S.K.: 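Just dropping this structure here.
Starting from 1, each residue takes its place in the sequence as its number. Whatever order the structure lists them in is the order used to number ligands and atoms, beginning at 1. Quick caveat: nothing in here was measured; it's all calculated off a predicted structure.
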Amino acid sequence: MKIDFSRLPTPCYIVDERLLVQNLERLKAVQDRTGCSILLAQKGFSMYSVYPLIGKYLRGVTSSSLFEARLGYEEMGGEVHIYAPAYIEEEFDEILKYSDHIVFNSFNEWRKYKAKVKNMRSKKIECGLRINPEYSEIETPLYDPCYNNSRLGVTLRNFKADELDGLDGLHFHTMCEQNSDTLLRTIKIVDEKFGGYIKNMKWLNFGGGHHITRPDYDIETLVRSISYFQDKYGVRVYLEPGEAVALNTGFLAAKVLDIVENGMKIAILDASAACHMPDVLEMPYRPNIIDAGKPGENEYTYRLGSHTCLAGDVIGDYSFRQPLKPGDRLIFCDMAHYTMVKNNTFNGIKLPAIALYNEEKGIRIIKSFGYEDFKSRL
Ligand SMILES: *Cc1c(COP(=O)(O)O)cnc(C)c1O
């Protein structure tokens, strides 16, 4: 069954559960083949109405903050991991309550919180340290944890071999939307630099950025990379993809409000790059639209812009087989990850509704937003 997008309000995100399940099955196959554990990185996708579904396939969540840890704890119920570049002291007791693994970014942080974690009576929390192997293959500094003077992770130079007592694992995160050939080159460096320490650990966390659910992703090399560390050092391996969980599972429905002309035709939409898909401007990237092509590919080319007042709030130039007119709907693809979690109400623009589709129940609107959501944050 095709989703009848004309039944959605606009703007509205919709996640297709069937596509999500396809991704989850692919991820679970990696767990089943290797014995590794895969966690959802909530930073990329926190649509908790599907957490019970995700929890059937993955082992739990990873979090970048107290709030994410709490959400994962309350809504999924698997393992809760957390890493942050620094923890907020007043929040730490609550973090202890929700977390199973806590990863620290520096030896200062580890020293500061070690006693608190180790004195927990009610449960045993495993501790890890994020390392910075100073190797990555990311072109955009904004997304490169190994960029010059990065604050993320301890470099070999700053590693303190005499302060490892009580640490259960090491964590590295150096990838972004990459295939397993990058992982293979990365783990060689990690092994060369930190192998001597990994052998005394219980686990090694490979972070996120693994594009496992992309059609051309090479699963065999991933499996070999996981097995390499597991066999060599007897460690458990964790992966914590965000994007790969929700990749290509969601859409954003938008409506054309007006067409203006200034050297070319420009369509003004009720969706915004700045508010609803900020990675289009940050990354930057060009989302696909159903039944639209590159400029000039079809007969009618338009620039698509938003109804905010930000001059650069432009999604891109696209061509269509029919002229656009006010009221027409455009369906943007791959809009589940790094969208809802990054939304904002800049310009007083309405947040998109959030919907879910499955065969059994059809379209369900999970959330709609209004004036109070704008006002309550200001
Ligand atoms: C962002 C992040 C992830 C998830 O990355 P994706 O690119 O969404 O797979 C995992 N771990 C850490 C530490 C992160 O910062």
S.K.: I want to check a possible cation-pi pair here: R130 against Y83, using under 6.0 Å from ring centre and within 45° of the ring axis as the test.
M.R.: yes
S.K.: Under 3.5 Å, N or O to N or O, is K43 touching ligand 1 that way?
M.R.: yes
S.K.: Distance under 4.0 Å to a non-hydrogen atom of E243: what atoms of ligand 1 satisfy this?
M.R.: 6 (P), 8 (O), 9 (O)
S.K.: I'd like to know if G44 contacts ligand 1, where contact means a heavy-atom distance under 4.0 Å to any ligand atom.
M.R.: no
S.K.: Can you sort out the partners of Y135 under side chain to side chain donor-acceptor pair (under 3.5 Å), two or more places apart, ordered by chain and number?
M.R.: E137
S.K.: Give yes or no for whether the N/O distance cutoff of 3.5 Å, strictly under, is met between Y83 and ligand 1.
M.R.: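 In fact, backbone or side chain, Y83 has no N or O that close.
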S.K.: Can you tell me if C176 has a non-hydrogen atom under 4.0 Å from ligand 1?
M.R.: no
S.K.: Please indicate whether any nitrogen or oxygen in G242 is less than 3.5 Å from any nitrogen or oxygen in ligand 1.
M.R.: yes
S.K.: Looking at Y318, I'd like to know if the NZ or CZ of R286 sits under 6.0 Å from its six-membered ring centre while staying within 45 degrees of the ring's axis.
M.R.: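 Yes, R286 sits over the ring of Y318.
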S.K.: If you count heavy atoms of other groups shown closer than 6.0 angstrom to OH of Y113, is the number above 12?
M.R.: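 Enclosed: over 12 neighbouring heavy atoms sit under 6.0 Å from OH of Y113.
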S.K.: Heavy-atom contacts with A41 under 4.0 Å: which atoms of ligand 1 show up? List them by number with element.
M.R.: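 In order of numbering, the contacting atoms are 3 (C), 4 (C), 10 (C).
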S.K.: Could a heavy atom of G209 be found less than 4.0 Å from some atom of ligand 1?
M.R.: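 It does, in that a heavy atom of G209 comes within the 4.0 Å cut-off of ligand 1.
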S.K.: Take every heavy atom of H171, measure it against each atom of ligand 1, and state whether any distance is under 4.0 Å.
M.R.: yes
S.K.: Do me a favour and list the nearest non-hydrogen protein atom to atom 3 (C) of ligand 1 with residue, atom name and distance?
M.R.: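 That would be H173 CE1, 3.6 Å.
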S.K.: Please could you name the atoms of ligand 1 that P241 approaches to less than 4.0 Å, counting only its heavy atoms?
M.R.: 9 (O)
S.K.: May I ask whether I82 and L239 are part of the same hydrophobic cluster, defined by side-chain heavy atoms of I, L, V, M, F, W, Y residues being less than 4.5 angstrom apart, directly or through others?
M.R.: yes
S.K.: Does R130 come within less than 4.0 Å of ligand 1, judged by its heavy atoms?
M.R.: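 R130 counts as a contact of ligand 1 under the 4.0 Å cut-off.
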S.K.: Test I331 against every option in T10, I290, D291, N288 by the side-chain contact (heavy atoms from CB on, under 4.5 Å) rule and name the one that passes.
M.R.: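 It is I290, the one option of T10, I290, D291, N288 that forms the side-chain contact (heavy atoms from CB on, under 4.5 Å) with I331.
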S.K.: With a 6.0 Å cut-off (strictly less than), is the heavy-atom count around OH of Y73, excluding the residue itself, greater than 12?
M.R.: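 Check fails, neighbour count at 12 or below.
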S.K.: Please report which non-hydrogen protein atom sits nearest to atom 13 (C) of ligand 1, along with the residue it belongs to and the distance in Å to one decimal place.
M.R.: E240 OE2, 3.5 Å
S.K.: To the nearest 0.5 angstrom, please state how far the CD1 atom of I259 sits from the CD1 atom of I268.
M.R.: 8.5 Å
S.K.: What residue and atom, counting heavy atoms only, is the protein's closest point to atom 8 (O) of ligand 1, and at what distance?
M.R.: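 Going by distance alone, atom 8 (O) of ligand 1 is nearest to Y338 OH, 2.6 Å.
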S.K.: Identify the heavy atoms of I138 and Y143 that sit nearest to each other, and give their distance.
M.R.: CD1-O, 3.3 Å
